[in-house]
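Read through the structure below, which is laid out as structure tokens, and then see the notes.
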Amino acid sequence: MQINSKDISYPDNLEINENLEEFVLQQQIYRAAIKEIKTKLEILDEEFQVKYDHNPIHHMEYRLKAPKSIAEKMKKKGLELNADSIRKNLTDIAGVRVICNYLDDINRITNLLLRQDDISLVRKRDYISNPKENGYRSLHLIVLVPVFLAEKTESVPVEIQIRTIAMDFWASLEHQLKYKSHSEISEALRERLKSCAESITHLDMEMQTIYKEIKSEICLFE
Ligand code: GTP
Ligand code: MG
């Protein structure tokens with residue numbers, strides 16, 4: 001196997017406490033875990049399309065936490081930088097974002113995924129029922145998924161963020177704005193951003209209602 005050490009750069013003040021090979025192999029396992037989750041969700045989405053003529057998932061995004069971010073997070077937590085410690089302490093190395101069409105699709109997808117025998121739930125944070133102070137809404141899950149390797153089976157954590165297109169629109173722009181502003185965003189602007197999040201909540205609910213009403217009209221005429 002070719003190991004490309006050029007891909008792995010650490011901040012200068014951080015030492016890698018073990019060989020690079022183990023770390024790169026670990027990255028491969030997390031990539032495999034993303035593929036497992038992606039396939040499971042695609043299968044559910046396709047089943048819905050066939051059975052109900054509806055796709056709950058608009059699209060998905062995937063990311064593997066960059067080695068530099070892993071190192072920085074470990075340092076922030078005051079933890080040793082080795083493959084074992086990373087595996088035990090970081091649950092967001094593999095990340096999948098599921099962007100749903102309608103509000104109801106979020107619970108639908110979550111329940112169907114968590115019902116699967118080989119998936120176990122580690123943590124659920126419902127920022128939809130309980131939005132964050134700044135207005136952020138999304139459902140966050142950390143699940144363990146088995147990855148079958150040549151000599152062993154690894155149970156790998158994956159962070160899944162599930163949200164509607166509207167929630168994703170807000171979160172993407174808010175993230176960009178936070179990143180772009182060099183100083184702390186003023187209270188007035190934070191309030192305006194929060195108010196945008198509230199408008200988006202109303203839009204999501206209204207779109208859901210319109211969808212249901214159109215569906216029931218179609219049923220009446222069929
Ligand atoms: P981290 O240490 O950042 O991973 O936080 P955590 O373990 O407490 O997890 P949490 O579930 O609160 O959030 C993790 C991820 O959700 C972040 O890395 C972002 O992708 C997303 N997120 C959380 N809060 C916000 C927010 O206020 N705005 C945006 N745009 N994204 C957020
Ligand atoms: Mg994170």
Side-chain angles (χ1 to χ4, degrees), residues 10-11 14 26-27 30-31 33-34 37-38 41 57-81 83 85-100 103 105-107 109-111 113-114 119-145 155-204:
Y10 283 95
L14 281 163
Q26 195 180 59
Q27 294 278 103
Y30 284 104
R31 244 193 318 273
I34 290 178
I37 295 291
K38 172 179 185 267
L41 292 169
I57 299 176
H58 181 267
H59 72 279
M60 289 191 266
E61 293 164 4
Y62 321 93
R63 77 104 180 81
L64 198 61
K65 205 179 189 74
K68 192 166 180 259
S69 311
I70 294 176
E72 280 165 358
K73 195 161 184 177
M74 292 298 282
K75 192 189 172 199
K76 214 163 98 189
K77 288 180 170 227
L79 298 165
E80 226 183 290
L81 190 66
S85 177
I86 291 169
R87 184 169 56 242
K88 285 196 186 115
N89 294 293
L90 297 193
T91 49
D92 65 346
I93 295 179
V96 175
R97 187 171 287 155
V98 187
I99 293 101
C100 291
L103 272 177
D105 295 328
I106 295 175
N107 281 336
I109 284 293
T110 304
N111 295 338
L113 182 71
L114 295 180
I119 291 284
S120 56
L121 178 66
V122 176
R123 192 181 84 185
K124 180 175 176 176
R125 284 195 178 153
D126 187 349
Y127 296 125
I128 297 175
S129 304
N130 302 297
K132 286 179 93 163
E133 185 46 39
N134 62 358
Y136 175 78
R137 285 155 69 241
S138 218
L139 185 73
H140 291 190
L141 308 172
I142 293 170
V143 300
L144 290 175
V145 63
S155 203
V156 185
V158 178
E159 181 182 283
I160 310 177
Q161 301 180 349
I162 313 179
R163 50 173 76 147
T164 60
I165 306 169
M167 292 173 196
D168 189 55
F169 157 74
W170 186 93
S172 306
L173 295 188
E174 189 261 358
H175 180 76
Q176 273 181 35
L177 289 171
K178 256 198 306 210
Y179 190 74
K180 279 205 177 102
S181 74
H182 299 291
S183 53
E184 181 84 347
I185 300 176
S186 72
E187 175 67 23
L189 284 171
R190 267 186 280 151
E191 278 308 313
R192 281 165 68 189
L193 270 170
K194 190 171 177 174
S195 146
C196 287
E198 281 154 12
S199 307
I200 276 168
T201 305
H202 290 298
L203 283 179
D204 261 336

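The residues of the chain are indexed from 1 along the displayed sequence. When a ligand or atom number is given, it counts from 1 through the structure's own listing order. Only a predicted model underlies this, so the values are computations on that prediction, with no experimental measurement involved.
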Considering non-hydrogen atoms only, spot the tightest contact between G135 and A197 and give its length.
O-CB, 3.4 Å
Any N or O of E159 closer than 3.5 Å to N or O of ligand 1:
no
Could you list which atoms of ligand 1 come closer than 4.0 Å to a heavy atom of N134?
26 (C), 27 (O)
List the steps and the verdict of side-chain contact (heavy atoms from CB on, under 4.5 Å) for L103 and M167.
CA-CA 10 Å; L103 272 177; M167 292 173 196; 3.6 Å; yes
Is W170 in polar range of ligand 1, meaning some N or O pair under 3.5 Å apart?
no
Please could you name the atoms of ligand 1 that R123 approaches to less than 4.0 Å, counting only its heavy atoms?
7 (O), 9 (O), 11 (O)
side-chain contact (heavy atoms from CB on, under 4.5 Å) between I162 and S138, worked out
CA-CA 6 Å; I162 313 179; S138 218; over 6 Å; no
Between D126 and S129, does any side-chain donor sit less than 3.5 Å from a side-chain acceptor?
yes
Ligand-residue contact atoms, ligand 1 with K73, heavy atoms, under 4.0 Å
1 (P), 2 (O), 4 (O)
Under 4.0 Å from a heavy atom of E174: which atoms of ligand 1 are those, numbered in the order shown and with their elements?
26 (C), 28 (N), 29 (C), 30 (N)
With sequence neighbours left out, what residues match K76 under salt bridge (charged side-chain N to carboxylate O under 4.0 Å, His left out)?
none
Does any N or O in the side chain of K194 come within less than 3.5 Å of the main-chain N or O of E133, such that one atom is a donor and the other an acceptor?
yes
Proximity to ligand 1 by part of R97, non-hydrogen separation under 4.0 Å:
side chain
Can you find a side-chain donor-acceptor pair between Y30 and R87 that sits under 3.5 Å?
no
Per-atom filter on ligand 1: closer than 4.0 angstrom to a heavy atom of Y127 are 10 (P), 11 (O), 12 (O)
Is R63 in contact with ligand 1, taking contact as a heavy-atom separation below 4.0 Å?
no
As an exercise, identify every atom of ligand 1 less than 4.0 angstrom from a heavy atom of A171.
30 (N)
When rounded to the nearest 0.5 angstrom, what distance separates CG in L64 from CD1 in I34?
5.0 Å
Just checking, is any N or O donor in the side chain of Q161 or E159 under 3.5 Å from an acceptor N or O on the other one?
yes
Are any of the N/O atoms on R163, whether in the backbone or the side chain, positioned under 3.5 angstrom from an N/O atom of ligand 1?
no
At a 4.0 Å threshold, what atoms of ligand 1 neighbour a non-hydrogen atom of K132?
12 (O), 23 (C), 24 (N), 25 (C)
K178 heavy atoms, cut-off 4.0 Å: which ligand 1 atoms fall inside?
26 (C), 27 (O), 28 (N)
